[in-house]
2 protein chains.
Amino acid sequence: MTDAREHEGSTGGEDVARDALVEISFAVQQLLGQVAESHDLSLTQLRLLGILRDREPGMLELAGYLNLEKSSVSGLVDRAEQRGLVRRKPVAADGRAIHVSITRKGRAIGAKIEHDLAQPFARLLRPLPPRQRAQLVALLRRLLDER
Amino acid sequence: MTDAREHEGSTGGEDVARDALVEISFAVQQLLGQVAESHDLSLTQLRLLGILRDREPGMLELAGYLNLEKSSVSGLVDRAEQRGLVRRKPVAADGRAIHVSITRKGRAIGAKIEHDLAQPFARLLRPLPPRQRAQLVALLRRLLDER
DNA sequence: TATTGTTATACTCTATAACTATA
DNA sequence: TATAGTTATAGAGTATAACAATA
């Protein structure tokens, strides 16, 4: 939007790239948010279910995954537990610790949301034929994996 | 993550594409959020400043841009106004309406944030040489523009 | 009556600081 | 003392419903 590229030592195409990334990021977040909301879940709750799909972390570990304070996670897990989506399990080896696991209900809702996401993503990706789609994935993966 | 691709009429590569888009979206949001937070702004407040950079919308219009209820926007603008970032202006032609405009201070902070975003985005994009970067932009633009 | 915006209320999300219980 | 987790508290963000003022 600005003409920063004129003044700084940019490699070129940096701002259009930034704009495109910002826009796609908001588009995807909106999409995720809408589907989650249709199941009465916030994006954070959805992330929680996603993390618990194949893990049973403690609260601190969970805070790490979610990039939240442990006290925030307490509340998050409280609300999810009240809704029967997750469960706190005492840890035999350490009386202070607990592990958080997903319930059958939580897993079912997660699966339903994942299913519901297929359509919107298919629509979003429709403009790209398979070859270009693969190209996009390769480019994004390179950004993500070399972070 | 699931094997949905086995059961539904997918074009192929749909889930890796979805995963990549979700991941990049969270990465970008985190980046934006961190820079905004370093100026004590939420992502929504940052969006607000961005919208007001070249517009003076009414509350309903603003709610449309932000995809929020008008009452939510009232609070949002309240807080931004208290911090001196935006201003409510009465509209001569319609006694019910107001226009929201950005203050010099708001514009300055927005500019500072935009400046601060250059580095992190440059780092994120570093793995891609110019040609591939252009390719990525072209692919993303096609997704975004044909929504 | 319809429209623009605000207010009242309630809940989620988040953080900081203080606390409890266990190691 | 250090660590895992919770609680107390506060504020932002959001929605719904009711309201006030103007059109």
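Protein chains get the first letters and strands the later ones, always in sequence-line order, with residue 1 at the start of each.
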Within the 4.0 Å heavy-atom criterion, would you say B/Gly95 contacts the bases, only the backbone, or no part of the nucleic acid?
sugar-phosphate

Interatomic distance where NE2 belongs to B/His99 and C1' belongs to C/dG5 [whole Å]
13 Å

How is B/Ser71 classified with respect to the nucleic acid when contacts are heavy atoms under 4.0 Å: base, sugar-phosphate, or nothing?
base

So B/Gly58, base contact, sugar-phosphate only, or nothing? Heavy-atom distance under 4.0 Å.
sugar-phosphate

Does the pair A/Arg87/A/Glu81 count as a salt bridge with the N-to-O cut at 4.0 Å?
no

From C/dA15, C/dG5, C/dT12, pick the nucleotide closest to the side chain of B/Ile98?
C/dG5

Measure the distance from CG on A/Leu76 to C1' on C/dT12 and round it to the nearest whole Å.
9 Å

Walking DNA chain D from its 5' end, the first of B/Thr44 and A/Asp94 to be reached, judged by nearest nucleotide, is A/Asp94

Indicate yes or no: does A/Glu146 engage B/Arg123 in a salt bridge with an N to O separation below 4.0 Å.
no

Apply salt bridge (charged side-chain N to carboxylate O under 4.0 Å, His left out) to the pair B/Arg141 and A/Asp19, showing each step before the final yes or no.
CA-CA 10 Å; B/Arg141 283 258 62 97; A/Asp19 287 353; over 6 Å; no

Measure from CG on B/Leu68 to C1' on C/dT6 and round the result to the nearest Å.
16 Å

Among D/dT16, D/dG5, C/dT6, the nucleotide that comes nearest once only the side chain of B/Lys70 is considered:
C/dT6

Within a strict 4.5 Å, meaning less than it, do heavy atoms of the B/Gln34 and B/Gln29 side chains meet?
no

Would you say C/dG5 has OP1 or OP2 under 4.0 Å from some side-chain N or O of B/Ser74?
no

May I ask you to evaluate whether B/Arg88 reaches the phosphate of C/dG5, defined as a side-chain N or O under 4.0 Å from OP1 or OP2?
no

For B/Asp40 and D/dG11, what is the distance between atoms CG and P respectively, to the nearest whole Å?
14 Å

A/Leu66 atom CG is separated from C/dT14 atom P, nearest whole Å, by 8 Å

Pick one: which of B/Leu68, B/Thr44, B/Asp78 meets side chain to side chain contact (heavy atoms under 4.5 Å, CB included) with B/Val73?
B/Leu68

Residue pair B/Arg79/A/Met59 against DNA chain D: nearer the 5' end by closest nucleotide is A/Met59

Measure from CG on B/Leu62 to P on D/dG13 and round the result to the nearest Å.
13 Å

With a 4.0 Å cutoff (strictly under), does any side-chain N or O of A/Arg96 reach OP1 or OP2 of C/dT20?
no

What is the distance, to the nearest angstrom, from the CG atom on A/Asn67 to the C1' atom on C/dC13?
15 Å

Take the protein atom CG of B/Leu60 and the nucleotide atom C1' of C/dT6, then report the distance between them rounded to whole Å.
12 Å

Taking for each residue the nucleotide of DNA chain C with the nearest heavy atom, is it A/Leu41 or B/Asp78 whose nucleotide lies nearer the 5' end?
B/Asp78

